[in-house]
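Quick notes on the structure that follows.
Worth knowing before you read on, the calculation uses all heavy atoms, side chains too, and leaves out hydrogens, waters and symmetry mates.
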Amino acid sequence: MIMRPLLRRLIAARSGAALLEFALGLPIVLTAGLWAAELTNYAITNQRLSQIALALADNASRVGEFKGTGFTQLREVDLNDVLLAAKQQGAPLNLTANGRITLSSLENSGGTQRIHWQRCIGAKSGATYDSHYGKTVKADGVTYDPDAGVNTASSGDNSSQHPGTLAPNGMGENGAQVSAPADSGVMFVEINYLYTPLVGKGWFTSTKTMRYVASFVVRDNRDYGQVYNPVTTPTTNRLTCDLYGA
C-alpha cells in the first residue's frame with residue numbers, strides 16, 4: 001500500500017523529462033551534424049581541387065617571355081611560378097604534402113601529337129599519384145626522361161634529342177581525350193590527392209584518392225622548340241617529375 005502513492009508521484013513527475021529527451025536525442029543530432037560536416041568538407045575539397053586544376057592550366061597557357069620576334073619563349077622560371085601558385089592555392093588542403101600535380105605540354109607538330117615535357121610538384125609517389133595519361137620517356141620507351149623538351153648541351157642545342165613521347169590519342173580518359181590543335185599546344189593538368197575524412201576514418205567515409213584534370217589551349221604564339229632556362233640570369237631548378245617533395 002505504501003508503494004502506490006510513490007508510484008503515482010513517480011508517474012506524474014516531469015522534472016527530468018527535458019534531460020531525458022536530450023539524452024535520447026543527442027546521439028541522433030550529433031550523428032547528423034557530423035555527417036553534414038563531413039559531406040560539406042568533401043564537397044568543398046572537390047571544388048577546390050577542380051578550381052586549382054583549372055587555374056594552373058589557364059596560367060600555364062598564358063606565361064612566357066615575348067622576344068619581339070613574334071614568338072613567346074616559355075622558361076623554367078615561368079613553370080615554377082605557376083606550379084608554386086598552385087601550391088599556395090592548395091595550402092589549406094596541404095595539397096603538395098598529400099598529393100601530386102603533373103603539368104604536361106601536349107603538342108601537335110605536323111599532325112603528330114606528343115607529350116613534349118612534364119613538370120611536377122608534390123610528395124606523393126607511385127602509380128596512384130603519377131600521371132595516368134602518359135609520361136615523357138627515353139629511347140627505351142620506359143624510363144622517365146627529365147630532359148624532355150630542354151637543351152642540356154653546354155654549347156649548341158640538343159633539345160631535339162629529347163622529343164618527348166608520342167600520344168596519338170591525346171591525353172585524358174578513354175573516349176574523352178583532348179588533342180592539341182595543329183601546330184599548337186595544350187597545357188594538361190592532373191591532380192591526384194589523398195583525401196582524409198574530417199570526422200574520422202571509417203565513420204562516414206574512408207580515405208580516398210581524388211583525381212581532377214583540366215586543359216587549356218596555349219593562348220599565344222609560343223616557341224615549342226624547348227623550355228628555356230636563360231644563362232643571362234640565374235638558372236632555375238627544374239621541377240621535373242623524377243623529384244618528389246612538398
Side-chain angles (χ1 to χ4, degrees), residues 34 36-64 74-106 115 117-136 144 146 148-149 171-173 176 178 185-219 227 236-246:
L34 291 175
E38 186 65 68
L39 183 63
T40 301
N41 185 65
Y42 185 77
I44 290 174
T45 301
N46 274 280
Q47 184 180 39
R48 283 178 171 173
L49 291 176
S50 174
Q51 292 300 313
I52 293 169
L54 287 168
L56 175 55
D58 189 14
N59 290 338
S61 72
R62 300 172 183 267
V63 295
L74 183 64
R75 302 166 300 171
E76 295 292 349
V77 65
D78 300 318
L79 295 176
N80 287 0
D81 282 347
V82 296
L83 285 169
L84 290 176
K87 175 182 178 178
Q88 292 301 316
Q89 192 177 354
L93 304 176
N94 290 322
L95 175 55
T96 54
N98 297 321
R100 181 83 164 162
I101 302 173
T102 303
L103 172 63
S104 304
S105 181
L106 178 64
I115 304 171
W117 52 261
Q118 290 179 316
R119 296 293 180 270
C120 296
I121 189 171
K124 289 293 186 181
S125 61
T128 301
Y129 299 97
D130 292 332
S131 175
H132 287 242
Y133 307 113
K135 61 181 180 180
T136 57
Y144 170 72
M171 298 184 73
E173 295 289 342
V178 297
V186 166
M187 296 291 96
F188 191 91
V189 173
E190 302 172 59
I191 296 180
N192 294 295
Y193 174 75
L194 180 64
Y195 175 78
T196 301
L198 179 67
V199 176
K201 297 180 181 179
W203 280 37
F204 302 105
T205 185
S206 59
T207 56
K208 60 181 64 179
T209 303
M210 294 179 172
R211 180 175 300 117
Y212 275 91
V213 300
S215 60
F216 270 82
V217 176
V218 175
R219 308 298 183 88
V227 179
T236 303
N237 292 329
R238 294 185 290 136
L239 296 178
T240 52
C241 295
D242 55 343
L243 304 176
Y244 295 86

Looking at Asn59 and Ala55, would you say the former's side chain and the latter's main chain have a donor-acceptor pair under 3.5 Å? yes
Heavy-atom pair with the smallest gap, counting every atom of Asn192 and Thr128: CG-O, 3.5 Å
Residues Asn98 and Lys124: closest non-hydrogen pair is C-CG, 3.5 Å
When you look at Leu49 and Tyr195, which way does the side chain to side chain contact (heavy atoms under 4.5 Å, CB included) test go after all the steps? CA-CA 11 Å; Leu49 291 176; Tyr195 175 78; over 6 Å; no
Is it true that the side chains of Asn46 and Tyr193 contain a donor and an acceptor less than 3.5 Å apart? no
Just verifying a value: how many Å separate Tyr129 OH and Thr209 OG1, rounded to the nearest 0.5 Å? 4.0 Å
Would you mind reporting whether Ile52 and Tyr212 have side-chain heavy atoms less than 4.5 Å apart? no
Atom of Gln118, atom of Gly134 and distance for their closest heavy-atom approach: NE2-O, 2.9 Å
Any heavy-atom pair between the side chains of Tyr133 and Leu106 that's under 4.5 Å? no
Does the pair Leu103 and Phe188 meet the rule for a side chain to side chain contact (heavy atoms under 4.5 Å, CB included), with working shown? CA-CA 6 Å; Leu103 172 63; Phe188 191 91; over 6 Å; no
Measure across Val213 and Glu190 and return the closest heavy-atom pair with its distance rounded to 0.1 Å. CG1-CG, 4.1 Å
Rounded to the nearest 0.5 Å, how far apart are CD1 of Ile115 and CE of Met171? 4.0 Å
All heavy atoms of Ala246 vs all of Ala123, minimum pair found to be N-CB, 4.0 Å
Spacing of Met187 atom CE and Leu79 atom CG [to the nearest 0.5 Å]: 8.0 Å
Side chains of Lys87 and Leu95 in contact at under 4.5 Å (non-hydrogen atoms): no
Ile191 side chain reached by Arg211 side chain, heavy atoms, under 4.5 Å: no
Check: Asn237 main-chain N/O paired with Asn80 side-chain donor or acceptor under 3.5 Å: yes
What's the verdict on side chain to side chain contact (heavy atoms under 4.5 Å, CB included) for Arg238 and Val227, showing C-alpha distance, side-chain angles and the deciding distance? CA-CA 10 Å; Arg238 294 185 290 136; Val227 179; over 6 Å; no
Separation between CG of Leu84 and CG of Leu239, rounded to the nearest 0.5 Å: 6.5 Å
Judged by atom type as modelled, is there a donor-acceptor pair below 3.5 Å linking the side chain of Arg48 to the main-chain atoms of Pro92? no
How long is the gap from CD on Gln89 to CD on Gln51, to the nearest 0.5 Å? 7.5 Å
Might you point out which heavy atoms bring Cys120 and Thr102 nearest each other, and give the distance in Å? SG-OG1, 3.5 Å
With rounding to the nearest 0.5 angstrom, report the OG1 to CG distance, Thr196 to Asn41. 10.0 Å
